[in-house]
Amino acid sequence: MTEPSIAGSRMPKVPHGPFRPGDRVQLTDPKGRINTITLQAGKLYHSHKGSIPHDEIIGSPEGTVFRSSGGTEYLAFRPLLSDHTLRMPRGAAVVYPKDAAQILAAADIFPGARVVEAGVGSGALTCWLLRAVGEHGHVSSYERRADFADIARANVEGYFGGPHPAWSLTVGSLEDVLADTDVDRVVLDMLAPWECLDAVAKALVPGGMVCAYVATTTQLSRVVEALREHGTFAEPYAFETLVRSWHVEGLAVRPDHRMVGHTGFLATARRLADGVRPPARRRRPAKGAYADSETTPREPAAEPDLSGE
């Protein structure tokens, strides 16, 4: 089933300004431990370090420090979208902020874009996409599993404060139920994105982009080769992103011992105009890259020198 957009409704806003009842607030203690609460008049935040009345927080600006009854100071901010996605209830694994940021950049998600997302999972990437396309864009999400779709809907509506007017969610397989046309971007976060390329090619406008997010090298190889063989896409680009934080304390500046390493691979490709075939690849592949040497793409042989010089 499809959740239609809300005609005539205003775009949900992420709240700013003083804290209000119903706001989510992150309270961070001196050791960096974070507790997230939802403000309610008359309620108390309790911990082994004491309590803080919600009424004391309500009406205060972000970035205020509150002291608990036990004397511990807590710094209060609203959660960022990256905080929300890492802590949201999960059905499927979430797309990490570092990968979501690369998808928005590599797939060139712009305000007003019409985006199809397949494999909504827990709704983390959906939130990033909706913020990027803005009030005049639209995100159509497709999810095979109804239970994942329910979790994603709750997470997205929980972040935006209600149903988002630029979002529709359909339960079903993309290759079977995709009805969108003249789509600017397609993002595939699924086990076998190569199975959807026929449907993706029909939906994308010439110059549109497909971006596949996969976990393993075998998936990456298969989707890149499928994009090449399909004939309607330009040469794919594949990469991953690693993030390493740094410890900075006076003259003690060094990389942290832990880092966010591999989470997934991204492969992007542009849609060619109808009836156009991609140019023949001229890059010589590594020896043994293809099992059948007779079908290996090769550079054209050099013309023989008949000048005698």
Side-chain angles (χ1 to χ4, degrees), residues 13-20 23-39 43-90 92-107 109 121-129 131-132 155 158-160 189 213-217 238-266:
K13 301 289 186 182
V14 178
H16 300 284
F19 291 119
R20 297 183 287 272
D23 284 352
R24 291 183 179 179
V25 178
Q26 286 186 336
L27 298 176
T28 306
D29 69 15
K31 292 186 177 180
R33 291 174 296 201
I34 297 173
N35 294 277
T36 303
I37 63 173
T38 300
L39 293 178
K43 297 288 185 178
L44 288 175
Y45 163 70
H46 289 281
S47 77
H48 66 287
K49 300 290 186 179
S51 62
I52 300 175
H54 286 208
D55 290 339
E56 186 177 331
I57 302 174
I58 294 171
S60 300
E62 289 193 73
T64 300
V65 174
F66 299 95
R67 186 182 297 272
S68 72
S69 58
T72 299
E73 292 185 330
Y74 289 85
L75 181 59
F77 283 106
R78 290 187 178 91
L80 301 174
L81 178 51
S82 56
D83 300 317
H84 177 75
T85 56
L86 290 175
R87 291 175 173 82
M88 63 172 46
R90 302 186 184 187
V94 301
V95 175
Y96 275 73
K98 75 179 185 69
D99 294 321
Q102 289 293 342
I103 290 170
L104 296 184
I109 309 296
S122 297
L125 180 59
T126 309
C127 292
W128 292 98
L129 292 172
R131 284 217 318 196
N155 285 332
Y159 178 73
F160 288 104
D189 177 12
Y213 179 63
V214 294
T216 68
T217 54
F239 66 102
E240 67 172 334
T241 304
L242 311 178
V243 173
R244 182 174 68 178
S245 59
W246 280 67
H247 170 89
V248 181
E249 190 83 28
L251 296 178
V253 181
R254 55 172 173 75
D256 282 334
H257 298 302
R258 300 178 63 184
M259 67 179 291
V260 181
H262 172 75
T263 50
F265 297 104
L266 290 172

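Residues take their numbers from the sequence shown, with the count starting at 1.
With values rounded to the nearest 0.5 angstrom, Asp99 atom CG is found 3.5 Å from Tyr213 atom OH. Considering CG of Leu266 and OG1 of Thr241, their distance stands at 6.5 Å, rounded to 0.5 Å. Atom CG of Asn35 is separated from atom NE2 of His46 by 13.0 Å, given to the nearest 0.5 angstrom. The CG atom of Leu44 sits 7.0 Å away from atom NE2 of His54, with the distance rounded to the nearest 0.5 Å. Taking CG of Leu104 as the reference point, atom CZ of Arg131 lies at 9.0 Å (rounded to 0.5 Å). The distance from the CZ atom of Arg24 to the CD1 atom of Ile37 is 12.0 Å, given to the nearest 0.5 Å.
Ring centroid separation for the pair Tyr45 and Phe66 does not come in under the 6.0 Å cut-off.
Side chains of Tyr96 and Thr85 form no contact here, defined as non-hydrogen atoms less than 4.5 Å apart. At least one side-chain heavy atom of Gln26 sits under 4.5 Å from a side-chain heavy atom of Arg87. Looking at Val94 and Asn155, their side chains never come closer than 4.5 Å, going by heavy atoms from C-beta outward. Contact of the Pro97 side chain with the Leu86 side chain is registered, since non-hydrogen atoms from C-beta on lie closer than 4.5 Å. Residues Asp83 and Leu80 form a side-chain contact, since some pair of their non-hydrogen atoms from C-beta on lies under 4.5 Å apart. Within the 4.5 Å cutoff, the side chain of Leu75 has no heavy atoms near those of the Glu73 side chain. Using a 4.5 Å cut-off on side-chain heavy atoms (C-beta onward), Trp128 and Ile103 make no contact.
Nearest heavy atoms, Ala106 versus Phe239: CB-CZ, 3.8 Å.
No more than 12 heavy atoms of other residues, nucleotides or ligands shown are found within 6.0 angstrom of NE2 on His257. Heavy-atom neighbours of Phe265 CZ from other residues, nucleotides or ligands within 6.0 Å: above the threshold of 12. Around atom CZ of Arg258, no more than 12 heavy atoms belonging to other residues, nucleotides or ligands sit under 6.0 Å away. Heavy atoms from other residues, nucleotides or ligands lying under 6.0 Å from NZ of Lys98 number more than 12.
Remark: the backbone N or O of Lys49 is paired with a side-chain donor or acceptor of Ser47 at under 3.5 angstrom.
For the 3.5 Å distance criterion, the side chains of Asp29 and Thr72 fail to qualify, holding no donor opposite an acceptor.
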